[in-house]
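Quick notes on the structure that follows.
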Amino acid sequence: MEQAINSREKQQDQYSLPFFGIPRLFPYLKKYRKTLTLMVICGLLGTGVDILMPVLQRYALNHFIAEKTLDTLPWYIAIYVAAILFASCVNFVSCNGAMRTEVSVNRDLRKEAFDHLQTLSFSYFNQNSVGWIHSRVMSDTSRIGSLVSWSLMDAVWHTSYLIGSLAVMLFINARLALLVMLILPLIVVLFSLFQKKLIAANRKIRELNSRITGDFNEGITGAKTVKTLVAEEKMAGDFIRDTDEMKRTSIRAARLRGAFSVTMHLASSLALAIVLWQGGYIAASEVGTFSMFMSYAQGMMEPVRWIVDAISDFITTQVNIERLTRLLNTKSDVSDSEEVIALYGDTFQPRKENWEPIRGDIEFDDVSFRYPDGDEFVLEHFNLKIPFGSNIAIVGETGAGKSTLVNLVCRFFEPTSGRVMIDGRDARERSQLWLHSAIGYVLQTPHLFSGTIRDNLLYGNPNATQEQIDRALKLVSADEVVARMEKGIDSDVGEGGDLLSTGEKQLISFARAILADPRILVLDEATASVDTLTEQKIQSAIDTIIQGRTSLVIAHRLSTVRNADLILVVRDGKIVEQGTHAELLKKKGHYFRLYTRQYEDEATSTLLS
């Protein structure tokens, strides 16, 4: 994890230009331009009232106090009250717009990030932890949403007040106003000195936050493993190490930010000092004007302080924008060409009317392949024809690389060279969704979605009838699982199916795959998590299910693949033998050794029991 973070940090160094990534937000703001425009107009109007108040104060002091006349007092009170009510109304509108924009932009960013994640290949998820991804989709989008709403509103309020008050001061006393404005170049110089260091510090904090989120995720999802391994102390130690580093880094960043803020605040305080120094001459002749200048000078402190904090916050949020932008700009290792998308559609807008029916013929045509993060070829110039209806078994020891062929057939990875043909055409000539819609996949480690058993089954076929559901459940003996549940098929399975045993989850996932009625069926050690009796039932069902389909069976128990049309034997990531069960036994090669060893182990286990 640390190496991955360090690698990403090195990649981030190339993005040193200020405000990197801001243009990426424009499409999300464009659809809310009416709301944003109304926010800005109301913000300007509200600030106009704030600028007007010292002018009204000047009038009151000069007219009612100095001249001691109350002839216009009723009109003054009416204007003053009207100004307050008007400011309250426009400020409400601008705040409401900022709130709506924040939640809307958050929703849009998270939706695009989530949708984009659905298009990325397996290698992306292999290389990035859940916590790292979660931090970008949730935490980063939240800060960005706040930036484009409340920060924008604050910018309108404070900037317009600063400009407006300076304009009034210039009109009343240009010399004093220009002296106050001398602090602006100083602020620019200080910003340029602190900006790069603040970006680097906040980038490190965000990466550490991702790591801590990953620690939380592993501690929760792996709670059972942690307890069985008595690894609580190690997990706590890792968490404390990361949080301690987060504390140290955050303190360093806070000190840097504090030094930045104090220096900027000191510079802004010069404005008030200048007014007090030079304004005394005005007070002697016109107390109202002096009071107005004092009000503006004091009022300018808040905008200047906001600018200081806003610059620091923006620098922090710039890191969030960079991180989210990189996620959205990440290209999948497996993608459809523009021509394919134009004809067949994409993941979220499929053009099913152009989809050809899938028969299920598969061919490896001179395929060479190595994984994106690997150095050695797993397959080299591999050729194999799998006619429709064939039952292909892939066997080998644990970690031998049995899933490689399946990953290529399913287009989870692309061949480094050569072609994987589906029904006589390169799979890349059609869309991924077209292919995936015809594949039923049962994983060794079953995964169920939160919801009911029925909800999970309908992922396989949203239009399935109750009769079809009942048939699929019965075919793999999953109806017995449903019968034991309190609410039957409408029983909740919990997060990830945690309310069910591993074997029960496997049966439900098997029924889900059958319900999809796929042309290509992939069983990735699908019976490894069930007991012997249930395995026998499923194996009997498999013999029925594979009829009229092309099936790829990754098997650990070799006794389950003896009737396969072709057995591929994988060792050290390479196919070392292929043939039928009888042919491979006659060769007395690697398959023969695997089979006899497993047979002996099972026989010994039976005798001991």
Would you confirm whether Ser142, through its side chain, and Ser139, through its main-chain N or O, come within 3.5 Å as a donor-acceptor pair? no
CD1 (Ile508) and CG (Leu500) are apart, to the nearest 0.5 Å, by 6.5 Å
Judged by atom type as modelled, is there a donor-acceptor pair below 3.5 Å linking the side chain of Ser332 to the main-chain atoms of Ser335? no
Please round to the nearest 0.5 Å and tell me the distance separating atom CG of Asp524 and atom CD1 of Ile394. 9.0 Å
Flag the pair Val442 / Val522 as yes when at least one side-chain heavy-atom distance between them is below 4.5 Å, and no otherwise. no
If we ignore angles and hydrogens, is there a donor and acceptor under 3.5 Å between the side chains of Thr416 and Arg370? no
What do the steps show when you test Phe382 against Phe377 for side-chain contact (heavy atoms from CB on, under 4.5 Å), and what is the final call? CA-CA 11 Å; Phe382 177 70; Phe377 279 96; over 6 Å; no
I'd like to know whether NE2 of His134 has more than 12 heavy-atom contacts from other residues, nucleotides or ligands below 6.0 angstrom. no
Given the rule in the salt bridge (Lys or Arg N to Asp or Glu O under 4.0 Å) test, do Lys204 and Glu245 qualify, once you have shown the distances and angles that lead to the verdict? CA-CA 10 Å; Lys204 180 66 175 178; Glu245 187 176 354; 3.8 Å; yes
Straight-line distance of Glu504 CD to Ile453 CD1, nearest 0.5 Å: 8.5 Å
Is the backbone N or O of Gly497 less than 3.5 Å from a side-chain atom of His447, with the two atoms forming a donor-acceptor pair by type? no
Can you tell me how far CD of Glu112 sits from CG of Leu327, rounded to the nearest 0.5 angstrom? 9.0 Å
Assess the side chains of His436 and Tyr441: does a donor N or O sit below 3.5 Å from an acceptor N or O? no
Would you call Glu363 and Arg419 a salt bridge, taking side-chain N to carboxylate O under 4.0 Å as the test? no
Tell me whether Gln349 contacts the main-chain N or O of Asp346 through its side chain, where contact means a donor paired with an acceptor under 3.5 Å. no
Is there a side-chain contact between Tyr124 and Thr330 in this structure, where contact means two heavy atoms from C-beta onward sitting under 4.5 Å apart? yes
Please examine the side chains of Val561 and Val395, heavy atoms only from C-beta on, and report whether any two atoms are closer than 4.5 Å. yes
Residues that Arg351 engages under side-chain contact (heavy atoms from CB on, under 4.5 Å), provided they are two or more places apart: Glu353, Asn354
My understanding is that only residues two or more places apart in sequence, or in another chain, count here; which of them pass side-chain contact (heavy atoms from CB on, under 4.5 Å) with Phe114? Gln118
Hey, does the side chain of Gln468 reach the backbone of Leu515 with a donor-acceptor pair shorter than 3.5 angstrom? no
For Arg471, does the CZ atom sit with more than 12 other heavy atoms under 6.0 Å from it, leaving out its own atoms? no
Lys385, NZ atom: more than 12 neighbouring heavy atoms under 6.0 Å: no
For residues 562-571, which side-chain N or O atoms pair as donor and acceptor with protein atoms under 3.5 Å away, sequence neighbours left out?
from, atom 1, to, atom 2, distance (Å)
Arg562, NE, Ser559, O, 3.3
Arg562, NH1, Tyr595, OH, 3.4
Asp565, OD2, Asn391, N, 2.7

Does Gln466, at its CD atom, have more than 12 non-hydrogen atoms belonging to other residues, nucleotides or ligands within less than 6.0 Å? yes
Atom CD of Glu356 with >12 non-hydrogen neighbours under 6.0 angstrom: yes
Side chain of Ser390, backbone of Ile386: donor and acceptor closer than 3.5 Å? no
Can you list everything that forms a side-chain contact (heavy atoms from CB on, under 4.5 Å) with Val409? Sequence neighbours excluded, please. Ile362, Phe364, Leu552
Can a donor-acceptor pair be found, under 3.5 Å and without considering hydrogens, that links the side chain of Ser368 to the backbone of Ser417? no
Contact list for residues 487-518, test ring pair (Phe, Tyr, Trp, His ring centres under 6.0 Å), sequence neighbours left out: none
Could you tell me the separation between the CG atom of Leu457 and the OG1 atom of Thr452, rounded to the nearest 0.5 Å? 8.0 Å
Show your reasoning for whether side-chain contact (heavy atoms from CB on, under 4.5 Å) applies to Val420 and Arg411. CA-CA 9 Å; Val420 176; Arg411 276 197 78 190; over 6 Å; no
Could you tell me whether the side chain of Ser551 and the main chain of Ile546 form a donor-acceptor pair under 3.5 Å? no
Are the side chain of Glu583 and the backbone N or O of Thr580 linked by a donor-acceptor pair below 3.5 Å? yes
Can a donor-acceptor pair be found between the side chains of Asn407 and Thr404 at a distance below 3.5 Å? no
Could you tell me which residues satisfy side-chain hydrogen bond (donor to acceptor under 3.5 Å, both in side chains) with Gln578, sequence neighbours excluded, listed by chain and number? none
One should read off an interatomic distance between Asp336 CG and Leu435 CG, to the nearest 0.5 angstrom, of 10.0 Å
Return yes if some donor-acceptor pair links the side-chain N/O of Asp423 with the main-chain N/O of Asp361 below 3.5 Å, else return no. yes
Determine, step by step, whether Ile520 and Arg549 satisfy the side-chain contact (heavy atoms from CB on, under 4.5 Å) criterion, reporting the C-alpha distance in whole Å, the side-chain angles of both residues, the deciding distance to 0.1 Å, and the verdict. CA-CA 6 Å; Ile520 300 173; Arg549 293 184 176 88; over 6 Å; no
Carefully, step by step, assess Lys31 and Asp108 under the rule salt bridge (Lys or Arg N to Asp or Glu O under 4.0 Å). CA-CA 11 Å; Lys31 65 171 69 174; Asp108 295 346; 3.6 Å; yes
According to the interplanar angle, ranging from 0 to 90°, do the rings of Trp434 and Tyr344 count as parallel (below 30°), tilted (30 to 60°) or perpendicular (above 60°)? tilted
Distance only, no hydrogens: is a donor on one side chain within 3.5 Å (strictly under) of an acceptor on the other, for Ser509 and Gln506? yes
Ion pair check, Asp479 and Lys474, cut-off under 4.0 Å: no
Below 4.5 Å, heavy atoms only, C-beta onward: do Leu379 and Leu408 meet side chain to side chain? yes
